[in-house]
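So the structure is just underneath, and the comments pick up after that.
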Amino acid sequence: QVRLVESGGDAVQAGGSLRLTCVHSGYVRSNDCMGWFRQAPGKEREGVASITRDGSTIYAESVKGRFTISKDNAGSTLYLQMNNLKPEDTAMYYCAAALMSPNDCDARYWPPSFGNWGQGTQVTVSS
């Protein structure tokens, strides 16, 4: 049974920083590709960043240069370091993990409901 649990969400002021954590447990190959996603009220889910087993990363243009995705060597813990936060970053943030080839590992084009998902952690950025 694969399980992902996010934490680290909080309310911060614009310009602040947060680090989100996602703990993955279960079948080890189920985290070949891991990603962070967000969804704001009334908006579609957005793929924020993804990371392959060998550490290759891809970011959405909206967060490039401000957010950093990383993971521990075992791939059991995924992180999202968020700096220079903006009000438009306010959303529920989710992590996901899937058995996926490196070429397909891209949060921006992640198939809906594919893989395993956490329950989310809320990030609120005030101006």
Side-chain angles (χ1 to χ4, degrees):
Q1 183 79 14
V2 176
R3 188 164 180 249
L4 295 101
V5 179
E6 304 96 334
S7 63
D10 205 346
V12 297
Q13 290 192 329
S17 297
L18 284 174
R19 187 173 85 154
L20 305 184
T21 299
C22 171
V23 178
H24 171 278
S25 60
Y27 176 50
V28 63
R29 289 297 308 279
S30 64
N31 60 352
D32 274 356
C33 175
M34 301 185 76
W36 285 100
F37 305 79
R38 65 186 182 187
Q39 188 165 22
K43 294 189 176 181
E44 292 190 353
R45 187 193 76 188
E46 177 187 16
V48 173
S50 53
I51 187 167
T52 65
R53 178 170 290 276
D54 67 1
S56 298
T57 59
I58 297 177
Y59 296 91
E61 285 297 322
S62 58
V63 305
K64 202 174 287 186
R66 299 188 298 122
F67 291 11
T68 303
I69 188 172
S70 63
K71 61 185 178 70
D72 66 359
N73 288 337
S76 60
T77 305
L78 181 71
Y79 304 99
L80 185 69
Q81 178 66 43
M82 306 186 295
N83 298 327
N84 190 22
L85 283 160
K86 304 176 180 180
E88 51 264 42
D89 295 319
T90 295
M92 184 71 79
Y93 283 71
Y94 301 89
C95 67
L99 181 60
M100 190 184 294
S101 73
N103 288 340
D104 294 328
C105 183
D106 188 339
R108 301 170 301 174
Y109 307 110
W110 196 288
S113 300
F114 185 72
N116 297 283
W117 291 76
Q119 294 300 306
T121 186
Q122 178 68 37
V123 172
T124 303
V125 184
S126 59
S127 58

How long is the gap from [atom1] on [X] to [atom2] on [Y], to the nearest 0.5 Å?
X	Y	atom1	atom2	answer
Cys95	Met34	SG	CE	6.0 Å
Leu4	Asn116	CG	CG	6.0 Å
Asp104	Thr52	CG	OG1	12.0 Å
Gln122	Glu6	CD	CD	12.0 Å
Ser56	Ile51	OG	CD1	8.0 Å
Thr57	Phe67	OG1	CZ	14.0 Å

Non-hydrogen atoms of [X] and [Y] that approach each other most closely:
X	Y	result
Ser127	Pro87	CB-CG, 3.9 Å
Ala49	Ala107	O-CB, 3.4 Å
Cys105	Ser50	O-OG, 3.4 Å

Using atom types as modelled and distance alone, determine if a side-chain donor or acceptor of Lys71 lies under 3.5 Å from a backbone N or O of Arg53. yes

Going by salt bridge (charged side-chain N to carboxylate O under 4.0 Å, His left out), name the pairs with one or both residues in residues 105-127, residues two or more places apart or in two chains.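 Only Asp106-Arg108 qualify under salt bridge (charged side-chain N to carboxylate O under 4.0 Å, His left out).
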
Residue pairs meeting salt bridge (charged side-chain N to carboxylate O under 4.0 Å, His left out), one or both in residues 88-103, sequence neighbours left out, come to Arg38-Asp89, Arg66-Asp89

Under a 4.5 Å cut-off applied to non-hydrogen side-chain atoms, are [X] and [Y] in contact?
X	Y	result
Thr68	Leu80	no
Tyr93	Gln39	no
Val48	Phe37	no
Arg3	His24	no

Any idea how Trp110 and Trp117 line up, ring-wise: parallel (<30°), tilted (30 to 60°), or perpendicular (>60°)?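 Taking Trp117 first and then Trp110, their aromatic rings stand perpendicular (interplane angle over 60°).
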
Can you give the donor-acceptor pairs under 3.5 Å from side chains of residues 11-22 to other protein atoms, not counting sequence neighbours?
residue	atom	partner	partner atom	Å
Ser17	OG	Asn83	OD1	3.0

What about Trp36 and Val2, same hydrophobic cluster or not, with Ile/Leu/Val/Met/Phe/Trp/Tyr joined at side-chain heavy-atom distances under 4.5 Å? yes

Following the transitive rule for hydrophobic clusters with a side-chain heavy-atom cut-off under 4.5 Å over Ile, Leu, Val, Met, Phe, Trp and Tyr, establish whether Tyr94 and Val5 coincide in one cluster.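 Hydrophobic grouping puts Tyr94 apart from Val5.
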
Looking only at side-chain N and O atoms, does Ser62 offer a donor or acceptor that is under 3.5 Å from a partner on Glu46?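 Distance-only check passes for Glu46 and Ser62.
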
Verdict with reasoning, Ser101 to Asn103, per side chain to side chain donor-acceptor pair (under 3.5 Å): CA-CA 5 Å; Ser101 73; Asn103 288 340; 5.4 Å; no

Should the heavy atoms of other residues, nucleotides or ligands under 6.0 Å from CG of Asp54 be counted, would the total exceed 12?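 Correct, the count exceeds 12.
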
Checking side-chain contact (heavy atoms from CB on, under 4.5 Å) for the pair Val123/Thr90: CA distance, chi angles, key distance, verdict? CA-CA 5 Å; Val123 172; Thr90 295; 5.8 Å; no

